[in-house]
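Have a look at the structure below, then the notes.
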Amino acid sequence: MRIPVREVTPGCETAEICGFVHEVRDLGGLAFLLVRDRTGIIQVTVPKKKVAPHIIDAVRDVSRESVVRVKGTVRAIDKAPGGREIIPEVFEVISKSESPLPLDVAEKVPAELDTRLDSRFLDARRPRVAAVFHIRSAVAQAVHEYLFSAGFVNITTPKIVAAATEGGTELFPIAYFEKEAFLNQSPQLYKQMMIGAGFEKVFEIGPIFRAEEHNTTKHLNEATSIDLEMAFADQNTVMEILEDLIVSVYRKVEKDCGPFLEAMELDGFSVPKTPFPRLPYAEAIEIAGKKTDEPIRYGDDIGTAAEKAIGEEMGGHYFIVDWPTAIKPYYAMPYEDDPSICRAFDLMHPRMELSSGAQRVHQYDLLVAQIREKGLNPESFSFYLTPFRYGMPPHAGWGLGMERLVMTMLGLPNIREAVLFPRDRHRLVP
RNA sequence: GCCCAGGUAGUGUAGUGGCCUAUCAUGUCGGCCUGUCACGCCGACGACUCGGAUUCGAAUUCCGACCUGGGCGCCA
């Protein structure tokens with residue numbers, strides 16, 4: 001009966017393990033075979049005098065990264081990693097690996113990201129790479145747990161759509177029989193429609209697609225969005241949910257992912273403190289104006305240099321609130337007493353934007369007016385607008401980038417490190 | 001979309017006109033080695049993205065193609 005490597009302890013008498021050959025060190029009369037499964041690496045020790053010759057020959061012949069089965073006696077010994085080793089009685093090569101390998105799984109020699117992504121299945125055998133995706137899985141689990149326990153309903157909305165959600169960004173056109181169609185850039189309109197359907201609290205974790213030809217370490221053409229929408233809530237309510245969610249995700253990772261955090265050899269992992277500061281847009285602009293050479297005026301969008309300067313000043317997660325209505329999408333609710341600013345917010349990490357959200361416009365006439373002001377045609381949104389004519393609760397929500405959350409949490413240098421099979425300007429395979 | 005940088009063994013690199021029959025590491029193969037843990041030692045194998053140009057001579061300069069990384073804009 002196979003057991004995980006981690007469960008082989010000095011107290012075991014015998015053990016059977018399966019895994020990949022991480023390394024073979026042949027010292028002549030003594031050979032060491034390191035076998036790796038997803039729980040760890042164990043040493044199989046082959047002394048010439050105690051092990052059958054056919055096993056010794058097989059161990060010497062096996063290529064790195066082959067899949068093997070080893071059964072034998074467990075010996076407690078301080079000199080071995082983990083304080084134990086297996087002396088094999090059975091050694092079987094289940095699946096032989098070809099050589100040379102496209103990249104070095106044992107990480108003696110580094111590999112460039114491009115090389116790694118070409119052979120992602122091998123790259124992901126590296127413990128420090130695998131750790132990222134185990135942690136990402138825990139993040140997804142934490143988000144689900146948090147939102148379900150807060151009474152949110154999980155929904156799934158179409159990824160093939162007929163129109164843009166907010167204009168601006170480029171969409172991927174696709175062939176949909178005789179019709180024009182696109183991959184969705186955001187579930188925004190659909191989650192709002194479910195507020196119109198009376199669901200009150202909804203969320204979705206799903207793919208979004210942006211056809212922008214950007215070439216940066218923080219953009220993807222296919223990303224995962226954690227999206228939430230809540231009825232009878234304003235922007236402040238959903239901001240509180242957002243910061244609370246972020247903290248509970250960090251706590252989950254801290255609690256459940258110790259070995260993975262260790263494998264990553266992170267400098268520091270710490271749970272952010274709440275509440276995150278609420279920085280009005282006008283003040284953010286002021287900070288950026290003082291700290292950067294580039295002139296920035298009220299009403300400008302916050303560019304990369306400004307974002308970096310403000311991030312340095314704030315030093316941790318923070319919200320930028322009270323944005324000018326002119327630079328936010330049509331569905332953001334303007335303040336009643338000053339319609340030039342709106343109830344929109346961005347959640348920022350010092351490195352980049354993580355989330356944006358707002359209280360939404362729920363009044364049909366105002367929404368149509370704002371769509372027109374953005375130079376868009378309300379008729380192409382009629383499927384979206386119709387629910388606003390038949391009773392629409394006031395509501396607010398946000399979208400949070402899953403990859404950016406993982407990237408900033410783990411200090412990854414490139415967002416592609418947070419996706420198994422990234423889609424960027426040049427990469428469509430694997 | 002604009003701009004910049006780059007492409008050398010399986011992998012990661014050195015090499016800016018002749019000293020390149022191309023460096024080093026890792027790997028692979030062969031040999032030696034009974035406590036390795038980046039095992040060590042000896043030997044071998046393996047590469048200048050493609051096409052054109054300049055030149056007596058090009059990995060190195062120029063032009064084009066293809067591929068890649070990054071910055072900006074925009075955004076999650």
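Reminder, nothing fancy here: chain letters follow the sequence lines and each chain counts from 1. The analysis underlying the following values was restricted to heavy atoms, covering all of them including side chains, and did not include hydrogens, waters or symmetry mates.
Rounded to whole Å, the C1' atom of G31(B) lies 42 Å from the corresponding atom of G69(B). Nucleotides A5(B) and A9(B) have their C1' atoms positioned 24 Å apart, rounded to a whole Å. Spacing of C1' atoms, A47(B) relative to C20(B), comes out at 13 Å, to the nearest Å. Across the P atoms, C19(B) and C2(B) are found 42 Å apart, a figure rounded to whole Å. When the C1' atom is compared between C66(B) and G10(B), the two are found 22 Å apart, to the nearest whole Å. A38(B) and G12(B): their C1' atoms are spaced 15 Å apart (whole Å). U13(B) and U49(B): their P atoms are spaced 14 Å apart (whole Å). C24(B) and A14(B) are spaced 7 Å apart, taking the C1' atom of each and rounding to whole Å.
Put simply, CZ on Arg416(A) is 18 Å from P on A76(B), counting in whole angstrom units. In this entry the distance linking CG of Leu27(A) with P of C41(B) reads 13 Å, nearest Å. The distance between atom CG of Leu412(A) and atom P of A76(B), rounded to the nearest whole Å, is 21 Å. Rounded to whole Å, atom C1' of C29(B) lies 12 Å from atom CG of Asp61(A). Going from atom CD of Glu265(A) over to atom C1' of A38(B) covers 13 Å, rounded to whole Å. A straight line from CG of Asn221(A) to C1' of C74(B) spans 12 Å, rounded to a whole angstrom. The distance from atom CD1 of Ile208(A) to atom C1' of C74(B) is 13 Å, rounded to the nearest whole Å. If you take CD of Glu107(A) and C1' of G27(B), they are 15 Å apart, rounded to a whole angstrom.
Regarding contacts with the backbone of G70(B), every side-chain N or O of Thr216(A) stays at 4.0 angstrom or more from both OP1 and OP2. Proximity of Ser99(A) to the phosphate of G27(B): no side-chain N or O atom is located under 4.0 Å from OP1 or OP2. Side-chain nitrogen and oxygen atoms of Thr217(A) include none within less than 4.0 Å of the OP1 or OP2 phosphate oxygen of G69(B). A sub-4.0 Å separation between OP1 or OP2 of G69(B) and a side-chain N or O of Arg425(A) is absent. Applying the 4.0 Å criterion to OP1 and OP2 of G70(B), one finds that Asn414(A) has a side-chain N or O inside that range.
Among the heavy atoms of the strands, none lies under 4.0 Å from Thr224(A). Using a 4.0 Å heavy-atom distance criterion, Ala80(A) is classed as a base contact. Using a 4.0 Å heavy-atom cutoff across all strands shown, Lys48(A) reaches no nucleic acid atom at all. Residue Asp114(A) is in sugar-phosphate contact alone, with no base atom involved, counting any heavy-atom pair closer than 4.0 Å across all strands shown. Counting any heavy atom pair closer than 4.0 Å across all strands shown, Ser355(A) reaches sugar-phosphate atoms only and no base atom. Contacts of Glu85(A) with the nucleic acid, taken as non-hydrogen atoms under 4.0 Å apart, include base atoms. Contacts of Asp301(A) with the nucleic acid, taken as non-hydrogen atoms under 4.0 Å apart, involve only primed sugar atoms and P, OP1 or OP2. If you check every strand for non-hydrogen atoms under 4.0 Å, Leu113(A) touches nothing. Counting non-hydrogen atoms under 4.0 angstrom, Glu307(A) reaches a base of the nucleic acid. Residue-level contact check: Leu405(A) touches neither bases nor backbone, having no heavy atom under 4.0 Å from any strand.
Aromatic pair Tyr281(A)/Phe345(A): centroids not less than 6.0 angstrom apart. The six-membered or imidazole ring of Phe182(A) lies away from that of Phe209(A), with a centre-to-centre distance of 6.0 Å or more. Checked against the 6.0 Å centroid threshold, Tyr318(A) and Phe276(A) do not count as a close aromatic pair. Taking the six-membered ring wherever Trp is involved, the centroid distance between the rings of Tyr190(A) and Tyr384(A) does not fall below 6.0 Å.
Remark: Asp78(A) does not engage Arg84(A) in a salt bridge, criterion side-chain N to carboxylate O under 4.0 Å. In this structure, Glu243(A) pairs ionically with Arg278(A), as a charged nitrogen and a carboxylate oxygen lie closer than 4.0 Å.
When each of Glu403(A), Glu353(A), Glu307(A) is paired with Lys218(A), the salt bridge (charged side-chain N to carboxylate O under 4.0 Å, His left out) condition holds for Glu307(A) and for no other.
Across every strand in view, C56(B) sits in a pair with G18(B) that passes the Watson-Crick or G-U test at under 3.5 angstrom. The nucleotide C72(B) finds its pairing partner in G1(B), both defining distances of the Watson-Crick or G-U wobble pair being shorter than 3.5 Å. For U28(B), the paired nucleotide is A44(B), the pair qualifying as Watson-Crick or G-U wobble because both relevant distances are below 3.5 Å. Under the Watson-Crick or G-U wobble criterion, with both distances below 3.5 Å, C66(B) is paired with G7(B). With a cut-off of 3.5 Å on both pairing distances, A38(B) has no Watson-Crick or G-U wobble partner at all.
Taking every side-chain heavy atom of Phe32(A) into account, U36(B) is the closest of G69(B), U36(B), A76(B). Nearest to the side-chain atoms of Ile415(A) among the listed nucleotides A76(B), C72(B), G35(B) stands A76(B). Comparing A76(B), U68(B), C74(B) by their closest approach to the side chain of His426(A) singles out U68(B).
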Nucleotides 5-11 of chain B: which of its N/O atoms have a protein N/O under 3.5 Å away?
{"residue": "G10(B)", "atom": "O2'", "partner": "Leu101(A)", "partner atom": "O", "Å": "3.0"}
{"residue": "U11(B)", "atom": "O2'", "partner": "Pro110(A)", "partner atom": "O", "Å": "2.9"}

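Classification of the His349(A)-His317(A) ring pair by plane angle, with boundaries at 30° and 60°, yields perpendicular.
Mapping Thr45(A) and Lys108(A) onto RNA chain B via the closest heavy atom, the residue that lands nearer the 5' end is Thr45(A). Comparing Leu34(A) and Met352(A) by the nucleotide of RNA chain B that holds the closest heavy atom to each, the one mapping nearer the 5' end is Leu34(A).
Figure legend: Lys201(A) and Phe152(A) shown as a cation-pi pair, the cationic atom lying under 6.0 angstrom from the six-membered ring centre and within 45 degrees of its axis.
With hydrogens and angles ignored, a donor-acceptor pair under 3.5 angstrom links the side chain of Arg404(A) to the base of C75(B). One N or O donor and one acceptor, one from the side chain of His219(A) and one from the base of C74(B), sit under 3.5 Å apart. For a distance-only test at 3.5 Å, the side chain of Arg60(A) fails to qualify as a donor-acceptor partner of the base of G30(B). Judged by distance alone with a 3.5 Å cut-off, no donor-acceptor contact links the side chain of His214(A) to the base of C74(B).
Atom CZ of Arg2(A) is surrounded by more than 12 heavy atoms from other residues, nucleotides or ligands within 6.0 Å.
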| message | Does Phe203(A) form a ring-ring contact (aromatic ring centres under 6.0 Å, His included) with His144(A)? I'd like the steps, not just the answer. | response | CA-CA 9 Å; Phe203(A) 81 99; His144(A) 278 100; 5.6 Å; yes
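Proximity of a side-chain donor or acceptor of Ser355(A) to a complementary backbone N or O of Gly399(A) within less than 3.5 Å is detected.
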